[in-house]
Participant: 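This is the structure I want to talk about, given as structure tokens.
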2 protein chains.
Amino acid sequence: MANISDVARISKVSVGTVSNVFNNPEKVKPETRERVCRVIEELNFHPNLSARNLSRLKTDTIALIFPFSKRKRIEHYYSDLLAGITEICFQMNFKLLLSSCPPNIDEKEELLIYKKMIESRAVDGIILTVSKYNDERINLLIDTKQKFVVFGRSNLPLEFPWVDIDGKYGISEAVRYLSSLGHTRIGYIGTPNILMFSKDRLEGYKYGLKRCNIDFNPDFILEASVDGDEVEKGENGVIRLLSHNSPPKAIIVSGSQLALGVIKGINKFGYSVGRDISLICFDDAEWNVHFNPPITSISQPVYEAGKLVSRILIKQIKGIECQDSNVLLKPDLIIRESCKNLN
Amino acid sequence: MANISDVARISKVSVGTVSNVFNNPEKVKPETRERVCRVIEELNFHPNLSARNLSRLKTDTIALIFPFSKRKRIEHYYSDLLAGITEICFQMNFKLLLSSCPPNIDEKEELLIYKKMIESRAVDGIILTVSKYNDERINLLIDTKQKFVVFGRSNLPLEFPWVDIDGKYGISEAVRYLSSLGHTRIGYIGTPNILMFSKDRLEGYKYGLKRCNIDFNPDFILEASVDGDEVEKGENGVIRLLSHNSPPKAIIVSGSQLALGVIKGINKFGYSVGRDISLICFDDAEWNVHFNPPITSISQPVYEAGKLVSRILIKQIKGIECQDSNVLLKPDLIIRESCKNLN
DNA sequence: CTTGTTTTTTGAACCGCTTCAATACTTTAA
DNA sequence: TTAAAGTATTGAAGCGGTTCAAAAAACAAG
């Protein structure tokens, strides 16, 4: 396979000129350029990326690390994100290195994976997803001066680029909608407290109640544990909520997997979604619209977030000033038929 | 940032020895090794991957190229596959380069993307997915001597490693099951004919009928077109089938997106799945079990295929003899409640 | 035909590692 | 004590590009 000096030799120029033909074509005289190009064509020469990466000390590659799924498939959250990221990478001519790590991995081990990636300089930037409370990974990335963007916010008092979805807004709008239908007994089933977005959403729930002058009842909320099957947790959770002596009549559930369980639980309890229990699901999974009744959902613009996140990161890598490197996206309440009008 | 010669200088050995500490630790005397390791630790040295890749002329990286989704998310088929692939990559210490390309891209342009990837030697191997009839990509990969594995078989008379799911078996089992419930009027809604797996499944349908002594009725089959929304195609398709003057009483649908439309269409037609129309879906999407009634499905071991495909590819790259580089996986018929027993 | 200016091209240094023949050092056996 | 064999280390030559100061060539003006 031909290399750059073959091309140089045959086209009777220096390697520097061949290199310029690729990287600074305007610097080489048209006639020379054409001659070199012919030889490039003839030899079917293509610059070796590893060599290029080495000498430029950059890779035009970004990385995304996500946890293995327990369900032998990528969470659809990542799936949407990936769709956005790969699209931008394609546009901007960047590559995406995808890594995954075992679920429920030891936090220290997870950090090691990040460290390894940073230190080997395999990528120019990293996309961090699902920020946690006191997320050590963010500290690591800042300490090592690695370029990165976070999908999610942080409680740490640090400046860094992030994109997030306004869960507080989303949930509070759901509460407002339920309240407008006459609901006051509104339950909430949330995700584990250690994830930043859980806090945000729970806050939205409380804020939403307050705004609608509904008293907060701690018996009406439930936070799923970190481990275990999401569907099961949803099922058990909702059954617990419904077993109260004066149970909620509406439930907002944070996450589509949990929601699957919640629906199952509601049916198991002998109730029917939309008639006996109103339901809103944060995160509009593909199937929500196809259920009977179709589930009123809060749709997260994860795909857009993926595009943003990668665009911001690549800009940062290229040294392009980015005016908005902190973006909060609004989710959408999509009203379908799972909530009963009590008025 | 420290490099290998810094380490060599400070620990008073040659760069070769430092390199050996990493790559052939058994070749260096324990005392020396320890001394070098201390310096490595001190300087927080980590070999630069680009340099390593360049001098070894390999990257320990494989690539997967998949089409953008029209639905702003990765098809769950790829999602399962990715889960398997990334898991093996993690285990085998390989990296995965993920690329996507616009949907319905010109075939020539698609080939260019593959060419670019091959010629830049950015990866050591490529995973090709969803083989097509007369798939040019396979020719390209063979011609360029690129290492690769295909998820799917080919009609081309070529030898190459592949993993596939036995669609013929899956569909014919579905037919057999329906027949055992007393069904004889069995329709089939398939995916576009250009995809290899479509042919396979259709064959399964015909074979299944024959085996059960059911006459093949061309009016009962429908092949979805290449473009357009899958759900819509399913909906329109099933309505067309049901509008016949003696319509099928059972339908096998090839693909979960199509199935969503089929269910919608059945309901729209005023029929009810499991009562008026029996339904089997090839591909057990996450939601199938949660529908009412739960959909009897043929579950594809895509996650396992992902593991296999990457394992085979990596072995090939490493030059490890692989006894079984052509694997046909059997899908599973999961009986739920969408088929009526006519007996 | 000079001289000065601008445009092109050169070629060596560099990026940071791996590899391997050659050398140096140890150990063993006679 | 020494030669032979075995073990450990060296260092230079790759790998295949990019970069940039310096040289060369081309052009313009006097």
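We name chains A, B, ... by the order of the sequence lines, and we start the count at 1 in each one. Reckoned from all heavy atoms, side chains included, excluding hydrogens, waters and symmetry mates.
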Participant: When all nucleic acid strands are considered with a 4.0 Å heavy-atom cut-off, which category describes F45(A): base, sugar-phosphate, or nothing?
Facilitator: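 Sugar-phosphate, backbone atoms only, no base.
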Participant: Taking the six-membered ring for Trp, is the centroid-to-centroid distance between Y78(B) and F151(B) below 6.0 Å?
Facilitator: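 Ring centres of F151(B) and Y78(B) not closer than 6.0 Å.
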Participant: Considering only dC15(D), dG17(D), dT10(D), which nucleotide approaches the side chain of R121(B) most closely?
Facilitator: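 My answer, after comparing the listed nucleotides, is dG17(D).
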Participant: Is N23(A) near enough to dT18(D) that one of its side-chain N or O atoms lies under 4.0 angstrom from OP1 or OP2?
Facilitator: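 Answer is yes, contact under 4.0 Å.
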Participant: When you measure from the side chain of T32(A), which nucleotide among dG14(D), dT10(C), dT8(C) comes out closest?
Facilitator: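 Selected nucleotide (nearest to the side chain): dT8(C).
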Participant: Under 30°, 30 to 60°, or over 60°: which ring-plane class applies to F197(B) and Y77(B), parallel, tilted or perpendicular?
Facilitator: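 Aromatic pair F197(B)/Y77(B) classed tilted.
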Participant: Could you check N24(A) against T17(B) and say which one's nearest nucleotide on DNA chain D is further toward the 5' end?
Facilitator: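 Mapping each residue to its closest nucleotide by heavy atoms, the 5'-most match is T17(B).
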Participant: Please state how far atom CZ in R56(A) lies from atom P in dG17(D), giving the value in whole angstrom units.
Facilitator: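 Whole-Å distance recorded here is 13 Å.
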Participant: Using a cut-off of 4.0 Å on non-hydrogen atoms, how would the nucleic acid contact of S5(A) be classed: base, sugar-phosphate, or nothing?
Facilitator: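 Since no nucleic acid heavy atom lies under 4.0 Å of S5(A), the category is nothing.
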Participant: Across the strands shown, which category fits N53(A) at heavy-atom distances under 4.0 angstrom: base, sugar-phosphate, nothing?
Facilitator: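 Nothing, no heavy atom under 4.0 Å.
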Participant: Let me know the distance between CG of D6(B) and P of dC17(C), rounded to the nearest Å.
Facilitator: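 In whole Å, dC17(C) P lies 9 Å from D6(B) CG.
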Participant: Could you say whether A51(B) or N20(A) is positioned toward the 5' end of DNA chain D, judged by the nucleotide with the nearest heavy atom to each?
Facilitator: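 Nearer the 5' end of the strand: A51(B).
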Participant: Under 4.0 Å, heavy atoms only, any strand: does V18(B) hit a base, just the sugar-phosphate, or nothing?
Facilitator: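 No contact.
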Participant: L57(B) near the nucleic acid: base, sugar-phosphate alone, or nothing, with a heavy-atom cut-off under 4.0 Å?
Facilitator: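 Sugar-phosphate only.
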